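Right, one structure below, let's go through it.
Keep in mind that this is a model prediction, so the values were computed, not measured. Keep in mind that the numbers below use all heavy atoms, side chains included, and drop hydrogens, waters and symmetry copies. Order of the sequence lines fixes the chain letters, A, B, ..., with proteins taken first and strands second; residue numbering starts at 1 for each chain.
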Amino acid sequence: MRRPLLAIVCLGVLSATAFTTSPALRRSLGLQSPFTQPTAAFSLFAAQPFVLEESYTSHDRQEKPQVNSGWILALKVPAELAQFRNGLMPVLCVGNTTAERWNSGDGSGQIVITVPSPLNSDGEPQLDLATASIWFAEPQLPERVNASWIAGAQEAADAVALTPFDRQMLEQARAKGGEVLHVRNHNELGKALSHWIDEYAPDEAELAESLR
Amino acid sequence: MLLRAAPLTLLPLLLFSVEALGQVGAPFCLGTQCPCSNDDPNAGCGNSGLDGNSATGARLFAAAGTTNHAADDLVLAAEGISPQRFGVFVAGTTPGTATLGDGQLCVAGNGQQLQRLQPQTSSLSGTITDSQFIQKLNGSAVGIVQPGTTLHFQVFYRDPGGPCGTGFNLSNALPVTFTAGPIELDLVGEPLALEPRFDFVDAFNSTETVSLTLDPQRYPGIANQQTQVFITEGRSRAEWDLDPVLVDVRGGASAVSFAGADLAGNVLSLDSGTLAGPSGTAISRGYDVVVDLDGDGLLSDGDFVDGRGDEHGFAVFRDMVAPGPYTPVEISHDHGSSSFHRQNIFYPANIAALGELPLIVVSHGNGHNYNWYDHIGEHMSSYGFIVMSHRNNTNPGPDSAATTTIENTEVFLQNLGLIAGGVMVGHVDRHRMIWIGHSRGAEGVARAYRRLISGADTPAQFVASDIQLVSSIAPTDFLGANNNPGDVAYQLWTGAADDDVDGSPASNVAQTYHLLTRAEGQRFGVTYHGVGHGAFHNGTGSLVAAGPCIVGRGNTHKLMNGYFLPTVYNILGEDAIAEEYLWRKWESLRSLGVPTADCPDVVYEYWNGPSTDAFVIDDFQTETGVDTSSSQGAVGGNVDILVEARLQDGNGNLTSDSADPMNGMTRNGPSDNDRGIVFQWTAPTYLEFEVVAAARNFADYAYLSFRACQSTRHPLTLADLEDLTFDVTLRDAYGNTSTLNIGAYKGGITDPFARSGNGTGAGWSNEFETTRVRLADFATNHPDFVLSDVAAIRFEFAGPGASPVGRIGMDDIELVQQ
């Protein structure tokens with residue numbers, strides 16, 4: 001862990017009234033998840049940029065952006081927050097955007113995500129993983145989440161002192177992930193990610209197979 | 001094989017046959033040129049009458065029965081008379097016109113060939129009825145009454161204080177031509193242990209005994225008659241008209257004698273489960289039943305027939321859990337552009353030899369997989385359906401899932417030529433499609449339909465009316481009114497042990513019943529005790545279940561197949577009688593092949609579509625006080641702690657709490673306002689609903705329908721924890737009563753699923769259950785009861801044989817058609 005535990009606990013207590021949920025609020029949210037406060041991803045296994053020839057519409061935020069590039073990430077996260085439910089789930093945020101989930105991480109807590117981001121002049125995603133926290137924000141439907149909501153979620157994350165991954169972990173993840181992945185479209189991206197799921201969430205082999 | 005069928009020609013089985021009604025002519029002698037300008041163009045001349053308004057008179061109409069000469073079951077009624085006034089029916093062979101009293105005499109004007117019937121007293125609702133006209137009039141002043149005879153009827157009545165001061169008046173007149181032909185009625189069903197002693201039903205599983213009865217109190221002519229009963233292949237009306245020869249499918253007719261004194265005494269077993277079941281992809285085989293009273297071997301005048309119309313007398317259903325005759329083929333198809341356009345497709349191996357087949361689209365839930373619905377795909381394709389289960393974008397939410405459902409339906413229809421070598425080209429019936437979803441996908445399919453009918457989405461390959469059924473398995477409710485599926489037929493599946501969309505009032509999103517409440521068309525639902533969220537699919541992993549008596553995937557899928565198949569056949573117009581599998585109590589009818597142990601309990605809700613002719617006695621949506629029904633009738637009684645309010649738990653937990661009278665109710669999202677009542681009893685008590693004048697002719701309807709549930713975790717529920725029963729009493733306008741116990745039809749109001757959590761105690765959310773009581777059964781063994789003039793419905797509790805204590809919720813008390 002790269003965050004001082006004491007700081008997390010202290011700030012978590014200070015912000016408890018703002019970021020924990022009352023029974024009434026939980027009911028109104030349809031909240032069944034164990035979410036109590038913004039919670040960071042544990043670790044980053046691999047990171048790889050991707051570029052598509054054909055863009056797709058992302059439904060994982062309200063603005064429904066067209067996506068043709070971004071990050072592929074393999075993460076270790078709290079399994080109880082990651083588990084797919086049909087009620088509201090915590091929203092996985094990466095910096096100023098939401099993650100697109102590709103597997104459940106049920107049990108393993110190891111998930112593969114894509115993070116839409118335009119490319120910079122170096123051909124890398126503009127979203128800088130060195131400055132972007134990766135965390136579970138409060139439960140909401142991603143299709144209802146917009147820039148304003150994410151900004152608020154970022155403030156809540158800052159209040160509990162969530163920080164980005166350290167440089168060493170990022171470098172290892174980038175080395176593991178490899179060079180930019182160029183594929184034709186969203187479907188081909190899914191096929192590529194099936195192999196990530198094989199590697200990082202092998203107990204979800206049926207899901208991986210269904211993407212190929 | 002489910003080839004495109006012509007629109008259903010099956011007519012509702014009413015107490016009137018259309019043919020017979022056609023022989024009751026148009027009213028005449030309406031109130032024009034009345035003696036003192038007391039005209040009423042819709043009835044007889046204006047009177048003092050029931051309403052004290054001299055501009056309205058007494059209206060004579062056909063209230064029940066037929067004009068069949070042999071049946072002699074026509075009931076005529078005149079309404080709009082002052083209560084408890086002397087009146088008499090008169091009949092004549094010719095029409096005429098003569099001023100008489102405050103009105104006009106329009107039958108047999110010269111006084112010849114006119115016959116008065118026995119004087120009567122009008123009911124408290126101002127109605128006079130009479131019947132059995134053949135028996136009463138044949139050989140009287142009107143001469144011999146035989147098939148083809150036309151008589152003209154009118155009612156003469158006292159009217160003190162009438163507008164012209166003579167003290168008497170007449171109704172309009174009505175011509176009736178008595179007809180020849182067989183007597184069409186319900187004959188077939190199964191005996192019951194309690195009154196009414198016989199359940200006239202049409203659906204039988206292939207191993208069940210088919211019985212028949214005839215009531216000599218209604219048809220005196222059959223008493224002690226020895227005759228033959230034929231079971232024939234089901235024929236349409238046209239086929240019967242063309243070929244009336246009786247051929248018994250058993251090789252010979254049954255020799256019977258109607259020696260019993262009443263209906264129960266004449267119950268005869270016709271077949272003990274030997275009749276041939278359906279062939280091909282049909283799920284039932286229809287039969288007709290004829291009592292050949294004259295023994296001529298033909299369906300002829302005076303014979304009794306069940307099934308002369310286009311709906312068969314009864315039908316024998318196959319084991320609908322067992323696979324159909326076709327071999328399923330399963331393929332995966334990748335449409336190439338989006339990861340969400342991947343599909344798992346099932347079709348019959350012999351599809352090339354088949355016509356256009358209905359398409360079922362399956363939309364999975366969050367964390368589920370599109371390859372997890374083989375039990376639907378294999379089963380339905382074996383019966384001649386094409387099933388396409390697609391990858392679903394559920395993580396963003398149900399609106400995105402809806403997008404995926406629409407897109408996948410579109411790309412499937414658009415690219416048929418690219419799938420499996422084009423084997424399905426020309427074989428997809430684009431106008432008979434079904435959307436079924438699970439969880440977020442279940443909300444997604446409802447949302448998708450809403451987007452079609454709102455015009456938000458306009459796919460090129462199909463329109464909203466091509467979707468015949470939207471079916472939701474354990475749906476979430478994130479979107480509120482935006483997921484209202486509108487007027488499409490809507491089906492809901494709920495697992496009471498679901499630990500994801502768990503149905504608890506602790507979450508407004510995870511309550512499945514909201515969409516069923518919101519739907520506006522034909523709608524129906526099932527709740528399975530012991531079934532978890534993950535049991536509805538066939539993936540691996542947890543059943544996502546909590547509570548006792550957990551049902552595994554195998555048995556859950558048997559339950560699903562035994563419910564979904566008759567649903568689809570009925571909704572697509574392939575099998576009218578299959579509807580009985582959607583509303584009859586689990587204890588009364590369930591497909592062969594479903595699990596039959598005590599666990600699971602299964603609870604059905606059912607509403608006819610709004611296009612059917614129903615009358616709502618009380619749905620509690622208006623007149624929100626407890627003393628007036630939504631139909632404006634008075635409500636009274638002495639049940640304990642009667643509360644009328646929104647059907648929604650008040651505090652989010654299931655602990656029984658006197659401060660939360662709606663504990664366990666989960667019918668409403670935050671913006672909904674579905675209302676009902678709750679009450680309890682510990683001693684004999686009742687709750688009575690007055691029937692307003694507009695609805696008093698119960699002969700116009702087939703069933704009294706209502707929904708009720710036991711109140712979860714309440715001490716009075718726990719005190720008698722089993723199916724709950726009570727009595728329903730109808731009181732006619734003359735003060736006659738007839739009582740039936742709802743338990744007579746097997747089952748009752750199911751006890752709550754004994755799941756703990758979300759508070760103290762055991763019992764989960766309240767499960768409303770539809771009960772339908774056949775209205776004609778109230779007249780069985782009560783020949784004096786006047787079903788055409790019912791003044792009140794009384795629910796009576798803690799009577800002999802009924803549950804001694806209880807607390808229930810109730811809603812939607814209606815008169816409905818079949």
Residues two or more places apart in sequence or in another chain: which of them pass side-chain contact (heavy atoms from CB on, under 4.5 Å) with B:A420?
B:I331, B:Y347, B:V423
Does B:R440 use its side chain to pair, donor to acceptor, with the backbone of A:G87 at less than 3.5 Å?
yes
Judged by atom type as modelled, is there a donor-acceptor pair below 3.5 Å linking the side chain of A:N185 to the main-chain atoms of B:G336?
yes
Any chance you could lay out the side chain to side chain contact (heavy atoms under 4.5 Å, CB included) test for B:H335 and A:N187, step after step, and finish with the verdict?
CA-CA 9 Å; B:H335 286 275; A:N187 189 43; over 6 Å; no
Expected contact set for residues 92-110 of chain A against chain B at heavy-atom separation under 4.5 Å reads A:R101, A:W102
Side chain / backbone / both / neither for B:T403 at chain A, heavy atoms under 4.5 Å
side chain
Honestly, the part of B:N395 sitting under 4.5 Å from a heavy atom of chain A is both
From the list B:D498, B:V544, B:T476, side-chain contact (heavy atoms from CB on, under 4.5 Å) with A:N86 holds only for B:T476
Please look at B:P475 and chain A and tell me whether the side chain, the backbone, both or neither of the residue comes under 4.5 angstrom of a heavy atom of that chain.
neither
Just jot down the side-chain contact (heavy atoms from CB on, under 4.5 Å) partners of A:R184, sequence neighbours excluded, or say none.
A:E53, A:E54, A:E188
Value rounded to 0.5 Å, distance of CZ in B:R342 from NZ in A:K191:
5.5 Å
Heavy atoms only: give me the nearest B:S400-A:H59 pair and the separation to one decimal.
OG-CB, 3.2 Å
Quick check on the interface: out of A:K64, A:H186, A:E143, who has the most heavy-atom pairs with chain B under 4.5 Å?
A:E143
Identify the residues of residues 195-212 of chain A whose heavy atoms come closer than 4.5 Å to a heavy atom of chain B, ordered by number, or report 'none'.
A:E206, A:L207, A:S210, A:L211, A:R212
Side-chain touch A:L88/B:S507, heavy atoms, less than 4.5 angstrom
no
